[in-house]
Amino acid sequence: MTDKFDKVPGGPSAAAAPVSTATTVAPETIKAIPVRHYGRWISGVVVVGLLAALVYAFSQGNIQWQAVQDKVFDDTVLAGAGRTLLISVLAMILGVALGVILAVMRLSKNPVTSWVAWLYIWFFRGTPVYVQLLLWFNLALIFPVLNIPFIYKDEMTDVMTPFMCALLGLALNEAAYMAEIVRAGIQSVDEGQTEASHALGMTQAKTMRRVVLPQALRVIIPPTGNEFINMLKTSSLVYAVTYNELLRSTSQIGSTSYAVMEMLFVASIWYIVMTSVFSVGQYYLERRYARGSLRSLPLTPWQRVKVNLAAFSNRPSGGVSA
Amino acid sequence: MTAMVKAEGVHKSFGAAHILKGIDLEVAPREVFCLIGPSGSGKSTFLRCINHLEQINAGRLYVDGDLVGYRQKGDRLFELKDSEVALQRRDIGMVFQRFNLFPHMTALENVMEAPIQVKGEARAVARARAEQLLDRVGLSDKARNYPSQLSGGQQQRVAIARALAMEPKLMLFDEPTSALDPELVGDVLDVMRGLAEDGMTMIVVTHEMGFAREVGDALVFMDDGVVVESGHPRDVLTNPQHDRTKSFLSKVL
Ligand SMILES: Nc1ncnc2c1ncn2[C@@H]1O[C@H](COP(=O)(O)OP(=O)(O)OP(=O)(O)O)[C@@H](O)[C@H]1O
Ligand SMILES: [Mg+2]
């Protein structure tokens, strides 16, 4: 950086100059009229205008804004949001754990385990999660009693509570997608890494844990974050198995109080809050795992906001080198 | 005195491709043993057989008197378990053409990793020696840098320090300078020269004939999976006996 400036006043004239201090005159700073970005201003005005029209339309619609305000922090709604969060987190944890196992099975040299994993992924990715949820919900129709000899025996309807249906339905489906993500992550790590690790005397297990998986994580984490954010929203489908999550608890209030749209707004608000919070978390997690792969870390959102603002204005940007 | 490395009729095939066709050679302790030959002649493959990254199909390969990768009982061979192979590899350092540093660890962590994970060394002990080794390869100021922040020559010197951290009795170098810009080659060769002076046993696959002549104690010319000619580097390089050696040397010198 600095030597670029150092070289400017030097050069061939340096030898000719009698006194060295005389040559270190700062080069004249360029003062030019910047390009005017008229297109940016016009499109900006149009978009803001359209947005204002949309806001106006909603303010004139037949909407009881008071109901939205009253119900956002309603106990039932909060409990529903809590259940949405709970089922999403649990299903994701189970899905990731199962997904890692399936990925390792899929990559194993044993053709039987590899084939079983393939079959699992084929089935759970090939059918809609909604259908899978209904399958779990109606399991009692074909197996009235759950009987694991000598270990466990109970009525199927007692085992398959709405919570269990929701958890199994979401988690088993997620595992199939996670398996593919983890497999791609492991395969993305260069073979030279495994060789170098083996050559140092590390066992296969240690190599996987210390060398391959940490590097695979960099590839695995971004899509996994997306999967979780999808999970938060997909969990609204467990409405169908009567689990009282956010959508179900808000709709029930909506149908009894004749505020259907209002309660859907309430649900949307909470979904947006949850997905936004986790998106920020995901961002910082990705940043952490980018260590070593980039010469310098990417900008944080705040740093990017500053850069974007600077790009919009015509003024030369000052402190955005970040 | 047992040979550090002894190969007897080593064969290696990949599927139908017969790559090593009966290699016999001996490397004495403290010797710098250079391996040269045209591309595809099997130099890397042979080197990788020595630490069992590749499994040989026929013959015997010994490191410091121990059979590599197998246990012999009577005239039957038993494959070693993963953990036993790992135990053998502890004593054999390897430096790759493409460095293969762990990109998610700093230079210092790269050097500390194996002593901690493999030997169960205490962190403080491993760190002290890692710092010492980085100093020895001239990179004490780069200890906290990640590999992506280092030049090729610096990365290769870290890789050498990483291998040395396991205190190996044998070092394998697979064209350690051929991925480097010409002006960075010297630093790496200097480190290797220092190692040779300290009496490390080294097998070096290289195209650096100057290094082979100056530092090497023995040199083998390999072509098409067989040893064509061997002897003292000075003799082979200045007075080759075989036509294939002559034509190869006329191209590289
Ligand atoms: N894993 C593998 N599977 C199949 N063929 C291989 C494998 N590894 C090496 N070979 C083949 O073996 C031959 C010898 O390769 P090797 O890497 O040992 O050559 P080399 O002498 O080191 O050449 P270079 O100077 O280019 O590095 C080549 O023809 C190569 O294609
Ligand atoms: Mg090679």
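These values consider heavy atoms only, across backbone and side chains, with no hydrogens, waters or symmetry-generated copies. Sequence lines set the chain letters: A, B, ... in the order given, protein chains first and strands last, and positions in each chain run from 1. Quick caveat, the model's predicted, so the values are computed rather than measured.
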Closest heavy-atom pair and its distance - B:M105, A:R210: CE-O, 3.8 Å
If I measure from the heavy atoms of chain A, does [X] come under 4.5 Å with its side chain, its backbone, both, or neither?
{"X": "B:L101", "value": "backbone"}
{"X": "B:F96", "value": "side chain"}
{"X": "B:R162", "value": "both"}
{"X": "B:I92", "value": "backbone"}

Among the options [options], pick out the one with the most heavy-atom pairs lying under 4.5 Å from chain A.
{"options": "B:R98, B:K119, B:E113", "value": "B:E113"}
{"options": "B:A159, B:A114, B:A86", "value": "B:A86"}
{"options": "B:D82, B:V95, B:N51", "value": "B:D82"}

Can you find a heavy atom in the side chain of B:P103 that is under 4.5 Å from one in the side chain of A:Q193? yes
Donor-acceptor pair, side chain of A:K206 and main chain of B:Q117, under 3.5 angstrom: yes
OG on B:S83 to CD on A:Q204, rounded to 0.5 Å: 10.0 Å
Measure the CZ-OG1 distance between B:R89 and A:T203 for me, rounded to the nearest 0.5 Å.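 It comes to 10.5 Å.
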Checking B:H52 against A:H198 for the side-chain contact (heavy atoms from CB on, under 4.5 Å) test, could you report, in this order, the C-alpha distance in whole Å, the side-chain angles of both residues, the deciding distance, and whether it holds? CA-CA 9 Å; B:H52 208 54; A:H198 284 167; over 6 Å; no
Given the rule in the side-chain contact (heavy atoms from CB on, under 4.5 Å) test, do B:M166 and A:L200 qualify, once you have shown the distances and angles that lead to the verdict? CA-CA 7 Å; B:M166 288 299 286; A:L200 285 166; 4.2 Å; yes
Choice from A:A199, A:S197, A:A205 maximising heavy atom contacts with chain B below 4.5 Å: A:A199
Between A:D190 and B:N100, does the side-chain contact (heavy atoms from CB on, under 4.5 Å) criterion hold? Intermediate values first, please. CA-CA 9 Å; A:D190 181 42; B:N100 293 346; 4.2 Å; yes
Crowding at CD, A:E191 (>12 non-hydrogen neighbours, <6.0 Å): no
